[in-house]
Novice: 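Structure below; questions to follow.
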Amino acid sequence: MTEITATAEMQAALLSRALPYMQRYEHKTVVVKYGGHAMGDIELGKAFARDIALLKQSGVNPIVVHGGGPQIGAMLAKMGIESKFEGGLRVTDQKTVEIVEMVLAGSINKEIVALINAEGEWAIGLCGKDGNMVFAEKARKTMIDPDSNIERVLDLGFVGEPVEVDRTLLDLLARSEMIPVLAPVAPGRDGHTYNINADTFAGAIAGACQATRLLFLTDVPGVLDKNKKLIDELTVAEAKALIKDGTVSGGMIPKVETCIEAIERGVEGVVILNGKTPHAVLLELFTEHGAGTLIVP
Ligand SMILES: Nc1ncnc2c1ncn2[C@@H]1O[C@H](COP(=O)(O)OP(=O)(O)O)[C@@H](O)[C@H]1O
Ligand SMILES: CC(=O)N[C@@H](CCC(=O)OP(=O)(O)O)C(=O)O
């Protein structure tokens, strides 16, 4: 067999394996949450943008929701403001929310839009404020104090939770062949701007759009057990237990909580996977052995 024939056969074999998966997602909504920790490397960023463009070209309706926690932290540090987190969420005062909006809805959002557009697609950068897409309310979070075992209410300032999602604009964009790239900032009916954890925002969008898949791209292979081994599959009950016993901590808490809520809202499948693996999105959706942790009911 010549080298050219061998390559053609390999490509055909790859295609024939991928095609049934491609058909499975045709005309379906896939929400991809692109975490701040998965960003940073320009080549990886281009590979991510290429995957999103390819999804669109294969008839899938992708919606990107991005984070930018480390990038916000760096900007706050430059301005001499210390980052403080409680339960994986940034304590956000008025000055902080202004910087959060600038970094998320400004620079990061437009960088991702430019990367996808460079792949020949029409991406459009928005946040919850655009088209009355998302309204938020001040987040009401409680936490069990590990020392006293007493539940305490957290005051996180202008941290919001999405309470209303209107998909009119998203549906319009899907019909116009555009790819929405969403920053997790939204207004409240009280006139304030709220900083929403990007995982929570992605879950609310996926729920409202009845997405077929919700993918979380982060900087770890998925949910790890106490021995740092990857857990391939988790039920909702097992996931709750891992948060309770502290195996899941920090930024992984809002992620896993969102997975649980998204499944309860009717999203078919939720996966947490490593966004630092080149073409993680295509591999997850279009190959038999998806990567990461799949959360199931
Ligand atoms: N059980 C766990 N399995 C995997 N990661 C965990 C776990 N518990 C805490 N983490 C932390 O959660 C981080 C991912 O959340 P986060 O930093 O918010 O990422 P992103 O910016 O991608 O949203 C990991 O880098 C890891 O440090
Ligand atoms: C309330 C809250 O914590 N908001 C996040 C929003 C960005 C985010 O979630 O980014 P990642 O996905 O990269 O973590 C923050 O201020 O960092």
Side-chain angles (χ1 to χ4, degrees), residues 32-40 44 48 64-77 81-93 95-109 112 127-128 136-141 154-162 182-186 193-204 215-232 234 238-259 271-277 280 292-293 295:
V32 183
K33 190 271 172 157
Y34 189 31
H37 281 109
M39 298 170 195
L44 271 178
F48 168 79
V64 177
V65 175
H66 64 83
Q71 295 78 356
I72 297 167
M75 182 59 83
L76 288 171
I81 303 172
E82 202 192 323
S83 289
K84 197 174 155 219
F85 287 86
E86 292 218 66
L89 301 170
R90 183 186 306 279
V91 180
T92 305
D93 61 12
K95 197 147 193 227
T96 303
V97 81
E98 284 167 23
I99 293 164
V100 165
E101 184 170 21
M102 186 179 83
V103 174
L104 291 180
S107 47
I108 296 184
N109 187 274
I112 299 171
C127 76
E137 263 176 16
K138 184 176 164 73
R140 297 188 194 287
K141 293 274 175 193
L154 303 176
D155 184 3
L156 301 167
F158 294 109
V159 170
E161 268 170 14
L182 311 179
V185 172
T193 294
Y194 285 97
N195 173 16
I196 301 172
N197 174 272
D199 300 328
T200 313
F201 195 94
L215 308 182
F216 288 101
L217 300 188
T218 182
D219 64 341
V220 282
V223 181
L224 308 178
D225 67 14
K226 278 218 174 333
N227 303 315
K228 305 277 167 223
K229 226 181 126 259
L230 175 69
I231 305 171
D232 294 330
L234 266 181
E238 286 166 345
K240 283 182 180 165
L242 290 181
I243 297 179
K244 206 161 176 210
D245 75 9
T247 307
V248 162
S249 61
M252 195 49 79
I253 299 175
K255 225 178 282 304
V256 173
E257 281 179 341
T258 304
C259 293
V271 186
I272 299 176
L273 68 161
N274 197 345
K276 292 198 161 174
T277 306
T293 304
I295 319 269

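Count residues from 1 along the sequence. In each ligand, atom 1 is the first atom listed, and ligand 1 is the first ligand listed.
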Novice: Measure from atom 7 (C) of ligand 2 to every heavy atom in Ala38, Ala139, Ser83, Gly69 and give the option owning the shortest one.
Specialist: Gly69
Novice: Using every non-hydrogen atom in the two residues, find where Ile196 and Gly160 come nearest and quote the distance to one decimal.
Specialist: CG1-O, 3.6 Å
Novice: Any donor-acceptor pair under 3.5 Å linking the side chain of Gln71 with the backbone of Gly36?
Specialist: yes
Novice: Just going by heavy-atom distances, which of Asn195, Val91, Ile108 is nearest to atom 6 (C) of ligand 2?
Specialist: Asn195
Novice: For ligand 2, indicate whether the residue Ile72 contacts it via side chain, backbone, both or neither (heavy-atom separation under 4.0 Å).
Specialist: side chain
Novice: May I ask you to decide if Thr247's main-chain N or O and Asp245's side chain share a donor-acceptor pair within less than 3.5 Å?
Specialist: yes
Novice: With heavy-atom distances below 4.0 Å as the criterion, list the atoms of ligand 2 near Gly67.
Specialist: 8 (C), 10 (O), 11 (P), 12 (O), 13 (O)
Novice: I'd like to know if the side chain of Thr92 reaches the main chain of Val97, judged simply by a donor and an acceptor atom lying under 3.5 Å from each other, with no hydrogens or angles considered.
Specialist: no
Novice: Can you list the ligand 2 atoms lying under 4.0 Å from a non-hydrogen atom of Ala198?
Specialist: 8 (C), 9 (O), 12 (O)
Novice: So which protein residues pack against ligand 1 under 4.0 Å, heavy atoms counted?
Specialist: Lys33, Gly35, Gly36, His37, Leu217, Thr218, Asp219, Val220, Gly222, Val223, Leu224, Thr247, Val248, Ser249, Gly251, Met252, Lys255
Novice: Do the non-hydrogen side-chain atoms of Glu86 and Lys141 ever get within less than 4.5 Å of each other?
Specialist: no
Novice: For Lys226, is the NZ atom crowded, meaning more than 12 foreign heavy atoms sit under 6.0 Å from it?
Specialist: yes
Novice: Could you list which atoms of ligand 2 come closer than 4.0 Å to a heavy atom of Ile196?
Specialist: 4 (N), 6 (C)
Novice: Heavy atoms, side chains only, cut-off 4.5 Å: are Ile272 and Val256 in contact?
Specialist: yes
Novice: Can you sort out which atoms of ligand 2 are near Val159, meaning under 4.0 Å from one of its heavy atoms?
Specialist: 1 (C)
Novice: Any side-chain heavy-atom pair from Asn195 and Phe158 closer than 4.5 angstrom?
Specialist: no
Novice: Please confirm whether Gly251 approaches ligand 2 to less than 4.0 Å, judged on its heavy atoms.
Specialist: no
Novice: Looking only at side chains, do Thr258 and Asp199 share a donor and an acceptor under 3.5 Å apart?
Specialist: no
Novice: On a heavy-atom basis, which atom in Thr200 and which in Pro254 lie closest, and how many Å separate them?
Specialist: OG1-CB, 4.5 Å
Novice: Report the member of Gln71, His37, Lys33, Arg90 with the shortest heavy-atom distance to atom 16 (O) of ligand 2.
Specialist: Arg90
Novice: Atom CD of residue position Glu161 - does it have more than 12 heavy atoms of other residues, nucleotides or ligands inside 6.0 Å?
Specialist: yes
Novice: Within ligand 2, which atoms have a heavy atom of Leu89 less than 4.0 Å away?
Specialist: 3 (O)
Novice: Which residue owns the protein heavy atom closest to atom 13 (O) of ligand 2, what's the atom, and how far is it?
Specialist: Gly36 N, 2.7 Å
